[in-house]
Amino acid sequence: LSAPYPKSICQQIETVNGGLSIAASQGKKYSIKIRVDQNIIAENLIRKCFTMQAMFPSKIKDCSRIFTSSYGSYAHRALGVSDMLMFGETSDLIKYWCTARPHDYLIQIRNFQKKYNAPEWNKFLIPETWLAARYLENLGISLEDPGLTTAYAWREFFGVIDASSLGLSW
């Protein structure tokens, strides 16, 4: 994988993790993560996020659902979770955005490709797919489980909020 992926994704992870760590140290139960190149104009963003969290809670113990925007999320790409905007419990977002070095990124991608060689899981070079797969592994969820599909991951771990309803633009 050519530059800038390993370096830029790890820089993004580092800055997001730093911000989430500050939120956690201040006792913030929930956080919203947005990329610096994004804009939100919805006045009811926080209410909308909490409403979605209440309407679609995670059924997984000790794990809340992470919501993302429809912009950049792809239902038919394995673990196609967008990194444009995320909302969830701060502790879960920290697990999602745990730190990594560029070298770790490349090694983990190679390991994922060897470990999960089913056709559905062959796109780990896409940083967003790698982040979601790494998050599930951090939760102790193995992609080798035949019951784990992208549809299952969306149903149990993630949720999507329409980007236009948030006034999200890039």
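Across every non-hydrogen atom of Y30 and F50, the tightest pair is CD1-CE2, 3.3 Å. Annotation for A132 and V81: closest pair CB-CG2, 4.2 Å, computed over non-hydrogen atoms.
Screening W130, W97, F158 for a side chain to side chain contact (heavy atoms under 4.5 Å, CB included) with Y135, the sole residue that qualifies is F158.
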Exercise. What do the steps show when you test Q12 against R35 for side-chain contact (heavy atoms from CB on, under 4.5 Å), and what is the final call?
Worked result: CA-CA 9 Å; Q12 181 182 2; R35 283 185 16 177; 3.7 Å; yes
For this session: Could you walk me through whether I13 and L131 pass the side-chain contact (heavy atoms from CB on, under 4.5 Å) test, one step at a time?
Result: CA-CA 9 Å; I13 289 168; L131 283 166; 3.8 Å; yes
For this session: Might you work through the side-chain contact (heavy atoms from CB on, under 4.5 Å) test for K33 and Y96, ending with a clear yes or no?
Result: CA-CA 11 Å; K33 174 263 179 218; Y96 195 96; over 6 Å; no
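In this model, no donor atom of one side chain and acceptor atom of the other lie less than 3.5 Å apart for T99 and N17.
No continuous path of hydrophobic side-chain contacts links F87 to I22 [ILVMFWY only; heavy atoms under 4.5 Å]. There is a path of hydrophobic side-chain contacts, each under 4.5 Å, that joins I34 to I46.
Not a single donor-acceptor pair under 3.5 Å links the side chain of T68 to the backbone N or O of M86. The main-chain N or O of C63 is found under 3.5 Å from a side-chain atom of S58 such that the two form a donor-acceptor pair. Distance alone, capped at 3.5 Å, is enough to place a donor-acceptor pair between the R65 side chain and the W154 backbone. A distance-only check finds a donor-acceptor pair linking the side chain of S82 to the backbone of Y71 [under 3.5 Å]. Under a 3.5 Å cut-off, the side chain of K28 and the backbone N or O of L20 do not form any donor-acceptor pair.
In this structure, CD on E128 lies 7.5 Å from CE on M84, to the nearest 0.5 angstrom. For the atom pair NZ (K95) and CD1 (I66), the distance works out to 9.0 Å, reported to the nearest 0.5 Å. Atoms CG and CG, on N39 and L85 in that order, are 11.5 Å from each other to the nearest 0.5 Å. A distance of 9.0 Å separates CD1 of I60 from CG of L139, quoted to the nearest 0.5 Å. Taking CG of L93 as the start and OG of S64 as the end, the distance is 7.0 Å to the nearest 0.5 Å.
By the 30° and 60° cut-offs, the orientation of the rings of Y152 relative to F157 is perpendicular.
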